Undergrad: 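Supplied in C-alpha cells, the structure appears directly below.
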Amino acid sequence: MDCGTFTYEAAECLVRWYRKNKRDLPWRKTHDAYAVWISEIMLQQTRVEAVIDKYTAFMQELPDIAALASVEDDRLMKLWEGLGYYSRARNLKKCAAVIMARHHGRIPHNYEELLALPGIGSYTAGAISAIAFGIPAPAVDGNVMRVLSRLLGSADDVKEPETKKNFENILREFYRDHPCSPAFVRNLTQGFMDLGASVCLPNGRAKCTQCPWQERCAACKNNLTDVLPVRGKAPERRLEERTLLIIRDGDSFLLRKRPERGLLAGLYEFPGIPGFCTKEEAADAVSAMGYEPLQIHVLPESRHLFTHLEWHMHAYEIRVSGIHEENDLLITKRELLNRAIPSAFRTYLEYYSLRQ
Ligand code: SF4
C-alpha cells in the first residue's frame, strides 16, 4: 500500500469531532460487551434506523448470554425478522452456547479469544475489544475502509481481503506507536464509525465541508472523493425465476421449511418451483404434492435482491382441501403474519395482511 500514515493528530482531531457529534444510539448507553456484540452484528449490512427498535426488543427479551443461548429458534427468528441475513442470528445463538460452555457465560476480554468464537470476524472482534474493553484493536469494515482510503489517498481495491488487512495493520501500528487510554480507543473507534455513517458518505455524497479532516484528507485535497475508495467490479447477480405456490385450505396456509444449509437456511417459505409456469403446471405441481387443487388464481409478481442473487417471482394462490402436515407446516393467517417469514416474500405477506 502506497499511502500516507495515520497520525496521532488525525486521531485526536477525529476524537474531538466525535465527542461533539456522536450519534445518540441505544447501544451507546453502555459499554457492556454483550450489548456491543449484539448491536454490531445487527448493524452488519443493515441501516441504523432499522436496527434501533429491533435492538431494544431483542435486549429486553434476551438480556444476556444465557438467555440467548437457550432461546427457541423460532422465537429468535421472530426477534430477528426484518433485519435479513438470518444466519447472523443463528450464529449469535451458536456463539452464545460456546461462551456458556467455554467462558462461563462471559465474553472474553481478549481480541484473539474473541476472534476464535464462531461468527466473530476481525471487525466484530475489534469493535468489541475497543468499545467494550478499551483494548487498542482495529475494527475495520467497509465504512472505515472508505474513510481511510480517502484520508490516506489509498488506491488499493477495497474488495480485496489484502486491503482490509493492510488497513488493520495501519491501525495496529498506530496503537503500537501511540499508547492510548481506553476512553480514547473507544472514541476513536466510534468516531470512525460515525464519520463513515454521516459525513464521509459513499457514492459522491461526501460532506467534506463538515469533516474534521477536510484540511488533511488526501482525497479532498486532490479532488478524488468520487474516485476513492477503489472498488473492483461487483460480481453480477444471478437471476433466478421462481413460481410460488401459495396453498390454502380455508383460513390456513401451507409453509415448507427450507434446507438447513444455504440461502435462507431453516426458514419457512411458501413452496416454490423453479422457473415461471402456467396455471395448469402450477396445479399439476400441487397435485404431485398430494393435494387436489380446487381453485387457482394469479397473485402479483415480485422480485427480491440477495447479495449475489435476484429472485423474480410469479405466484398462484391455490385452494385445496384436506392438507396433511407430515413435512409441512399449516398455519392460520394470523400466525402467518406473526411468524418470521423471510422478507423475500414480503409482497405476499402484505397482500394477505390487507385481505380477509
Ligand atoms: S474530507 Fe471528505 S473525503 Fe476526506 S474523510 Fe472527510 S468527508 Fe471523507
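Atoms within each ligand, like the ligands themselves, are counted from 1 in listed order. The model shown is predicted, which means the values in this text are computed figures rather than measured ones.
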Undergrad: Could you tell me whether E168 and K165 have a side-chain N and a carboxylate O separated by less than 4.0 Å?
TA: no
Undergrad: Heavy-atom contacts under 4.0 Å between C200 and ligand 1: side chain, backbone, both, or neither?
TA: both
Undergrad: Is it true that R216 and E9 make a salt bridge, defined as a side-chain N closer than 4.0 Å to a carboxylate O?
TA: no
Undergrad: Would you mind listing which atoms of ligand 1 come within a distance below 4.0 Å of any non-hydrogen atom of T225?
TA: 3 (S)
Undergrad: Please report which non-hydrogen protein atom sits nearest to atom 4 (Fe) of ligand 1, along with the residue it belongs to and the distance in Å to one decimal place.
TA: C217 SG, 2.3 Å
Undergrad: Yes or no on side-chain hydrogen bond (donor to acceptor under 3.5 Å, both in side chains) for Q190 and R28, after CA distance, side-chain angles and deciding distance?
TA: CA-CA 10 Å; Q190 293 175 104; R28 289 201 172 151; 3.1 Å; yes
Undergrad: Could you walk me through whether F253 and Y268 pass the ring-ring contact (aromatic ring centres under 6.0 Å, His included) check?
TA: CA-CA 11 Å; F253 291 78; Y268 281 97; over 10 Å; no
Undergrad: Any salt bridge linking D141 with K164? Criterion: basic side-chain nitrogen under 4.0 Å from a carboxylate oxygen.
TA: no
Undergrad: Is atom 8 (Fe) of ligand 1 less than 2.8 Å from at least one N/O/S atom of C211?
TA: no
Undergrad: How far is atom 2 (Fe) of ligand 1 from its nearest protein heavy atom, and which residue and atom name does that atom have?
TA: C208 SG, 2.3 Å
Undergrad: Please determine if R334 and D251 form a salt bridge, counting it only when a charged side-chain N lies under 4.0 Å from a carboxylate O.
TA: no
Undergrad: Please could you name the atoms of ligand 1 that C220 approaches to less than 4.0 Å, counting only its heavy atoms?
TA: 1 (S)
Undergrad: Is L151 close enough to touch ligand 1? Criterion: a residue heavy atom under 4.0 Å from a ligand atom.
TA: no
